[in-house]
Amino acid sequence: MHRRLPVALFVLVIALVFLSGCFSEEPHYISRSYDYSLGIRTATPIENVTLLVPIPTCGDRPALGPVPITAEFYDPDNDFHSSYPLRIPDHYTLAVIPIDGRYYLQLTAPFMDPAEPVSMIYHNYTPLADELRLGIVPQMINTLHPLGNESLFSPKHNLTLTAGSPDAVQTSGAYNPDGYRYSYTIPVYAYYENGTRVEIDSSISGVNEWGEGFDYHPSNRYSDSYSLTITGDPQGWMPAEGEVTAGQGVYREWQLNLSPTSGSGG
């Protein structure tokens, strides 16, 4: 009986140590991820197609977080896209070109068929650390202040705060369901023959996630998206409607080192 007591105490101590680790509020399994999508659809066949669509840029370079964007980025054989759908028909010619200091994806094709829409989804997940330590926070995405720090579409015209504000985002652990939002317009170029309905949309988002306790996984995010629907004949350069959402999710005090001028993409 006396021999069993030390064994039981030892097991109890081990269990308490394990449970204290599982339920610890210290952040662990910290990660970041970026998602990018592009979709172009036509209602009926069109010919002699030329499109110029904005792509994400970070600073003065086309990039998706740390990943540079070139024409090869849209190659179906690229390792980036091995697990995600990518449909850009073979008869399209792609190029990333600068126009007035901004970058666009140029798509040209002799025709575009409703049965072969352009569809791209890119996902990049990066585990940063198993536990919080020095140097991790600067590697996280600045989801609270993405403007000027993270990958976004440009040029943004008529940028207008439409809901909330950066100062209204709670950074003491409360959940922010809506964050704050800006609306804007962005130029898209389209030329094609046999005018019909053409829809163009694109989005970029960044997410930070980490673990707390046994099974709680808080996160925060930003997103940027635009869309344009053309009916009839295209008009060359046209304004697409865009929206930036930032400051959504949970922010802890240890993340506050992400100032308005810092972030993983900077």
Side-chain angles (χ1 to χ4, degrees), residues 25-37 54-61 63-66 101-102 124 126 128-129 132-187 201-213 216-227 239-266:
E25 293 301 318
E26 290 297 316
H28 50 271
Y29 301 126
I30 303 166
S31 67
R32 72 181 185 209
S33 60
Y34 289 93
D35 288 274
Y36 169 56
S37 68
I55 60 177
T57 59
C58 187
D60 60 354
R61 69 191 191 280
L64 193 62
R102 308 294 184 177
N124 176 274
T126 304
L128 298 178
L132 183 64
R133 57 177 183 265
L134 187 66
I136 294 302
V137 173
Q139 298 179 52
M140 299 180 72
I141 302 170
N142 196 335
T143 62
L144 186 56
H145 302 283
L147 293 173
N149 294 302
E150 299 296 340
S151 296
L152 298 164
F153 297 113
S154 63
K156 287 176 165 49
H157 296 159
N158 305 314
L159 187 66
T160 304
L161 185 65
T162 57
S165 71
D167 294 337
V169 175
Q170 299 186 59
T171 56
S172 58
Y175 179 69
N176 299 276
D178 302 316
Y180 64 96
R181 295 192 298 275
Y182 286 93
S183 66
Y184 65 90
T185 61
I186 192 166
D201 59 75
S202 193
S203 67
I204 163 72
S205 64
V207 178
N208 297 309
E209 187 175 9
W210 63 97
E212 290 181 4
Y216 181 43
H217 298 278
S219 65
N220 50 60
R221 73 188 306 268
Y222 85 92
S223 63
D224 187 8
S225 62
Y226 68 84
S227 62
E241 298 295 326
E243 183 175 78
V244 177
T245 302
Q248 286 184 305
V250 176
Y251 292 87
R252 300 299 191 192
E253 291 185 0
W254 54 268
Q255 287 186 289
L256 297 186
N257 290 334
L258 282 180
S259 70
T261 57
S262 67
S264 67

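Since the model is a prediction, treat every value here as computed from it, not as a measurement.
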Could you please spell out the steps behind the side-chain contact (heavy atoms from CB on, under 4.5 Å) verdict for Val250 and Tyr216? CA-CA 12 Å; Val250 176; Tyr216 181 43; 4.0 Å; yes
Return yes if some donor-acceptor pair links the side-chain N/O of [X] with the main-chain N/O of [Y] below 3.5 Å, else return no.
X	Y	result
Glu209	Ser31	no
Asn176	Gly249	yes
Ser202	Ser37	yes
Asn208	Ile141	yes

Sequence neighbours left out, cut at 3.5 Å: what donor-acceptor pairs do the side chains of residues 156-170 make with other protein atoms?
from, atom 1, to, atom 2, distance (Å)
Lys156, NZ, Phe153, O, 2.4
Lys156, NZ, Asp224, OD2, 2.6
Thr160, OG1, Asn158, O, 3.0
Thr162, OG1, Arg181, O, 3.3
Ser165, OG, Ala168, N, 3.3

If the condition is side chain to side chain contact (heavy atoms under 4.5 Å, CB included), which residues does Tyr29 pass it with, not counting sequence neighbours? Asp130
Where do Thr57 and Arg102 land on the side-chain contact (heavy atoms from CB on, under 4.5 Å) test, with the steps shown first? CA-CA 8 Å; Thr57 59; Arg102 308 294 184 177; 5.5 Å; no
How about [X] and [Y]: do any of their side-chain heavy atoms sit closer than 4.5 Å?
X	Y	result
Ser151	Tyr222	yes
Val137	Leu132	yes
Gln255	Thr171	no
Tyr182	Leu147	yes

Report the distance from atom [atom1] of [X] to atom [atom2] of [Y], rounding to the nearest 0.5 Å.
X	Y	atom1	atom2	answer
Arg32	Asn142	CZ	CG	12.5 Å
Tyr251	Leu144	OH	CG	5.0 Å
Ser154	Ile55	OG	CD1	9.0 Å

Test side-chain hydrogen bond (donor to acceptor under 3.5 Å, both in side chains) applied to [X] - qualifying residues, sequence neighbours left out:
X	answer
Ser225	none
Tyr36	Tyr74
Ser33	none

Can I get a per-line list of side-chain donor-acceptor pairs under 3.5 Å for residues 239-246, giving both atom names and the distance, sequence neighbours left out?
none

Testing the basics here: between [X] and [Y], what is the closest heavy-atom pair and its distance to 0.1 Å?
X	Y	value
Leu128	Arg133	O-NH2, 4.3 Å
Pro27	Trp210	CB-CD1, 3.8 Å
Pro187	Pro155	CD-O, 3.7 Å
Gly179	Gln248	N-CG, 3.9 Å
Gly206	Thr143	O-CG2, 3.7 Å
Leu64	Pro56	CD1-CG, 4.1 Å

